[in-house]
Amino acid sequence: MALWAPAACVSVLLALCLLARLCLGRSSSWVRPGCHRDDPDSPRLVCKPSALAKYLLKTCRTFTSGCEPHWVWKKWSHLQTFRNGIWPSGISLEFLRDYLQLADEGLVALDWAVARNSTRRRVSSNSPAPIVLIIPNSFGKITRNVLKLCASALDCGHRPVIFNRRCQNGSLLTTLKLQQFGDPSDLREAVRYIRYKHPNAKLFTVSESTGAGLLLAYLGECGSSSYVTSAACISPVFRCQEWFETGPPWIYRWLLLLYQKTWLSRYTTVLGEIVDMDKVFATWTLREAEELLFCKTRKNSLCWDVYWEKNDPLRDVDEVAVPVLCICSQDDPFRGNMDTSLPFELFESNPHFFLLLTKYGGHCGFLKRGSAVWSHEVLLEYFRSVSEFFVTEERTKSFSKRKSTASGGSVAFKCGRGNNYKRDSFCTHNIHDIFNWQRSYTR
């Protein structure tokens with residue numbers, strides 16, 4: 001085990017040396033409903049026509065501006081992927097950790113990002129500053145992309161917090177249980193805790209890479225009770241079972257297995273009671289590791305297909321009740337072929353899902369000239385626009401009720417004015433009445 005850390009460094013150098021030999025993904029031509037082909041390099045928004053879609057196109061300038069990457073990023077999508085995936089961030093951030101004990105006495109960790117030179121270490125629970133809950137990839141790796149997102153969110157006045165699964169990123173393992181790929185039970189308790197501690201703050205959620213599986217499963221299972229105002233996914237992996245079976249290119253597969261085995265090695269003894277750890281450390285594919293950890297354990301045996309019936313992120317996708325923006329690139333070398341790995345039919349038929357597809361960006365890259373990350377600018381502007389849309393919808397609804405009440409008589413009009421005054425300061429978590437398939441959102 002002690003040799004794995006040096007091996008990781010060697011693997012990074014090897015990967016950089018092999019970049020010139022890696023195949024460059026060639027994008028196929030495509031046209032989707034609601035998109036315009038004025039500039040072939042500009043982003044395309046794939047979605048079902050709706051009032052919210054029109055509002056986003058009108059207010060989110062980053063949707064049409066594009067990331068304008070340097071020619072180096074255009075040529076080598078693998079280089080973008082490696083830079084934002086494993087390159088040191090160099091960002092001055094500190095994290096304040098909260099351990100949350102779950103119902104089964106397990107522990108998850110919430111890391112609240114603060115600026116290194118900040119004088120206020122913690123924000124009051126009554127603060128209305130929005131919270132951005134960030135879900136890293138399913139392997140628990142805190143990437144440069146996640147850290148830069150935290151820094152960008154802080155600059156915009158948001159409060160970023162990272163959700164760490166059991167025994168990942170230094171979180172303690174107190175039960176003989178690991179979190180399955182698409183099991184949102186731990187995340188549900190964490191969201192309820194955040195909601196309880198910060199009742200006046202809007203909650204936005206962001207996931208990275210395979211972490212989208214957990215976020216989509218949570219949104220589908222909780223529906224309109226998710227307490228989330230809006231969500232976003234950066235380079236999500238949708239068809240997760242197929243992805244585990246075929247796997248990403250060998251260099252990514254090798255690095256992921258190496259990282260996973262490294263943090264699992266800390267719990268070899270205790271996990272050995274339920275998992276054959278010798279076989280886990282001898283695996284060569286992601287599927288083998290996932291099967292040994294969750295399907296072929298010492299206590300029970302679960303069929304691979306049955307496991308994914310319970311953990312498929314899209315199993316309850318029809319129940320999602322908040323807008324979800326997915327930012328993907330055509331040249332993503334990690335996700336797989338665009339035509340088979342992206343569920344275009346979901347975005348074209350479900351008004352809650354929006355796909356912003358770019359020509360360049362790699363996997364969780366989307367680097368602009370300089371050090372800026374285009375996807376982070378998109379997310380923060382998208383969150384602001386969705387919040388403004390909800391406020392406009394609520395005010396329109398309140399005005400319509402007040403107008404109809406006023407037509408019934410002067411006494412009723414006074415009551416309507418009093419009720420409307422209170423509703424102007426509504427909480428965007430209570431979006432059941434304004435955010436459904438019958439209102440103007442789906443027009």
Side-chain angles (χ1 to χ4, degrees), residues 100 108-111 130-143 145-146 149-150 153 158 160-166 168-169 179-195 202-241 243-244 308 310-328 332 334-335 341-343 346-347 350 352-356 363-364 375-376 378-380 382-383 386 429 431 435:
L100 176 62
V108 296
L110 298 174
D111 290 337
I131 296 174
V132 180
L133 177 60
I134 302 173
I135 303 174
N137 57 71
S138 60
F139 299 90
K141 170 66 175 175
I142 305 300
T143 62
N145 181 59
V146 169
L149 177 57
C150 290
H158 295 62
V161 54
I162 300 176
F163 172 77
N164 299 289
R165 311 185 196 207
R166 305 181 188 218
Q168 289 188 354
N169 193 28
Q179 185 176 0
Q180 296 183 0
F181 185 87
D183 179 9
S185 57
D186 292 356
L187 179 60
R188 187 189 308 113
E189 292 192 52
V191 171
R192 288 176 179 173
Y193 167 78
I194 294 173
R195 169 66 171 162
K202 300 174 185 176
L203 178 61
F204 305 114
T205 54
V206 182
S207 63
E208 177 195 52
S209 185
T210 53
L214 180 59
L215 176 57
L216 294 176
Y218 169 76
L219 295 176
E221 185 170 298
C222 294
S224 59
S225 302
S226 64
Y227 300 120
V228 173
T229 301
S230 59
C233 305
I234 303 176
S235 298
V237 176
F238 291 100
R239 309 189 189 281
C240 300
Q241 181 178 358
W243 183 83
F244 269 91
W308 281 107
K310 298 179 179 180
N311 289 274
D312 187 352
L314 301 180
R315 62 188 183 275
D316 295 319
V317 70
D318 291 337
E319 302 299 325
V320 175
V322 298
V324 181
L325 176 67
C326 299
I327 304 176
C328 302
D332 189 333
F334 186 85
R335 183 193 63 238
S341 61
L342 292 180
L346 170 64
F347 299 97
N350 192 320
H352 298 98
F353 284 84
F354 303 85
L355 172 63
L356 194 60
H363 187 75
C364 299
S375 59
H376 299 167
V378 171
L379 294 181
L380 296 173
Y382 157 76
F383 289 149
V386 170
H429 297 306
I431 60 177
F435 200 92

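Please read these numbers as outputs of a predicted model, since none were measured by experiment.
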Novice: Check Ser341, Cys233, Cys326, Pro313 against Phe238 for a side chain to side chain contact (heavy atoms under 4.5 Å, CB included) and give me the one that passes.
Specialist: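 Of the listed residues Ser341, Cys233, Cys326, Pro313, the side chain to side chain contact (heavy atoms under 4.5 Å, CB included) partner of Phe238 is Cys326.
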
Novice: Go through it in stages, so that I can follow the logic: the residues are Lys202 and Phe383, the test is side chain to side chain contact (heavy atoms under 4.5 Å, CB included), and I'd like the CA-CA distance, side-chain angles, deciding distance and then a yes or no.
Specialist: CA-CA 10 Å; Lys202 300 174 185 176; Phe383 289 149; over 6 Å; no

Novice: About how many Å separate CD1 of Ile327 and OG of Ser375, when rounded to the nearest 0.5 Å?
Specialist: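 It is 5.5 Å, given to the nearest 0.5 Å.
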
Novice: Can you tell me how far CG of Asn164 sits from CD1 of Ile135, rounded to the nearest 0.5 angstrom?
Specialist: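 Output value for this atom pair is 11.0 Å.
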
Novice: Provide the closest heavy-atom pair for Ser207 versus Leu215 in the form atom of the first, atom of the second, distance.
Specialist: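 Scanning both residues completely, I find the closest heavy atoms to be OG-CD2, 3.6 Å.
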
Novice: When rounded to the nearest 0.5 angstrom, what distance separates CD1 in Ile162 from CD1 in Ile142?
Specialist: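 Result: 4.5 Å between the selected atoms.
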
Novice: How are the rings of His363 and Phe334 set relative to one another: parallel (under 30°), tilted (30 to 60°) or perpendicular (over 60°)?
Specialist: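 Ring orientation, 0 to 90° scale: tilted.
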
Novice: For Gly182, is there any backbone N or O sitting under 3.5 Å from a side-chain donor or acceptor partner on Arg315?
Specialist: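 Yes, Arg315 side chain to Gly182 backbone: donor-acceptor pair under 3.5 Å.
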
Novice: Could you state the interatomic distance from NE2 (His158) to SG (Cys150), rounded to the nearest 0.5 Å?
Specialist: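 With rounding to 0.5 Å, NE2 (His158) is 12.5 Å from SG (Cys150).
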
Novice: If I compare all heavy atoms of Ala231 with all of Leu219, which pair ends up nearest, and what's the gap?
Specialist: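 That closest heavy-atom pairing would be CB-CD1, 3.7 Å.
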
Novice: Of all heavy-atom pairs between Ala153 and Val132, which one has the smallest distance, and what is that distance?
Specialist: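 The pair with the smallest heavy-atom distance is CB-CG2, 4.5 Å.
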
Novice: Ignoring hydrogens and angles, tell me if any N or O in the side chain of Gln168 forms a donor-acceptor pair with the backbone of Ser138 under 3.5 Å.
Specialist: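 Checking the backbone N and O of Ser138 against the side chain of Gln168, a donor-acceptor pair under 3.5 Å is found.
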
Novice: Side chains of Asn350 and Val320: does their closest heavy-atom pair fall under 4.5 Å?
Specialist: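 The answer is no; the side chains never approach within 4.5 Å.
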
Novice: Any idea which heavy atoms bring Ala321 and Gly223 closest together, and the distance?
Specialist: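 Closest approach of Ala321 to Gly223, heavy atoms only: CB-C, 3.8 Å.
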
Novice: Quick one: are Phe163 and Ile134 in side-chain contact, heavy atoms under 4.5 Å?
Specialist: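 Side chain of Phe163 against side chain of Ile134, heavy atoms only: no contact under 4.5 Å found.
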
Novice: Under the 3.5 angstrom rule, does the side chain of Ser209 hit a backbone N or O of Asn137 as a donor-acceptor pair?
Specialist: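 Pair absent, no side-chain N/O of Ser209 close to backbone of Asn137.
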
Novice: What's the separation between atom CZ in Arg192 and atom CD in Glu189, rounded to the nearest 0.5 Å?
Specialist: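 Here the rounded value is 7.5 Å.
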
Novice: Aromatic contact between Phe181 and Phe244, with the criterion being ring centroids under 6.0 Å apart: yes or no?
Specialist: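 Yes; Phe244 has its ring centre under 6.0 Å from that of Phe181.
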
Novice: Considering all heavy atoms of both residues, which atom of Arg239 and which atom of Pro343 are nearest to each other, and what is their separation?
Specialist: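 Arg239 and Pro343 have their closest heavy atoms at NH2-CA, 3.3 Å.
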
Novice: Could you go through Leu214 and Asp186, starting from their C-alpha distance and side-chain angles, then the distance that decides it, and tell me whether this counts as side chain to side chain contact (heavy atoms under 4.5 Å, CB included)?
Specialist: CA-CA 10 Å; Leu214 180 59; Asp186 292 356; over 6 Å; no

Novice: Run the numbers on Leu342 and Phe347 for side chain to side chain contact (heavy atoms under 4.5 Å, CB included), then give the verdict.
Specialist: CA-CA 9 Å; Leu342 292 180; Phe347 299 97; 5.6 Å; no

Novice: If you define the side chain from C-beta out and look only at heavy atoms, does anything of Leu149 sit under 4.5 Å from His376?
Specialist: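 They are in side-chain contact.
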
Novice: Between the main-chain N or O of Gly220 and the side-chain N or O of Asp316, is there a donor-acceptor pair closer than 3.5 Å?
Specialist: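 No, Asp316 side chain to Gly220 backbone: no donor-acceptor pair under 3.5 Å.
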
Novice: Just so I know, are the side chains of Leu216 and Phe353 near enough to count as touching, which here means a heavy-atom distance under 4.5 Å?
Specialist: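 Result yes, sub-4.5 Å side-chain heavy-atom pair found.
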
Novice: So does Ser226 get a backbone contact from the side chain of Tyr218, meaning a donor-acceptor N/O pair under 3.5 Å?
Specialist: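 Yes: the side chain of Tyr218 pairs with the backbone of Ser226.
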
Novice: Test side chain to side chain contact (heavy atoms under 4.5 Å, CB included) on Leu356 and Tyr382; report intermediate values, then the result.
Specialist: CA-CA 11 Å; Leu356 194 60; Tyr382 157 76; over 6 Å; no

Novice: Between Thr143 and Asn145, do the side chains contain an N or O donor and an N or O acceptor separated by less than 3.5 Å?
Specialist: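 No, Asn145 and Thr143 have no side-chain donor paired with an acceptor closer than 3.5 Å.
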
Novice: Looking only at heavy atoms, what is the nearest atom pair of Asp183 and Asn311, with distance?
Specialist: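 Looks like N-OD1, 3.6 Å.
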
Novice: As an exercise, state the distance from OG1 of Thr210 to NZ of Lys141, rounded to the nearest 0.5 Å.
Specialist: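 One finds 13.5 Å between OG1 of Thr210 and NZ of Lys141.
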
Novice: Using a 4.5 Å cut-off on heavy atoms from C-beta on, say whether the side chain of Leu325 contacts that of Val386.
Specialist: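 Counting from C-beta outward, Val386 and Leu325 never come under 4.5 Å.
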
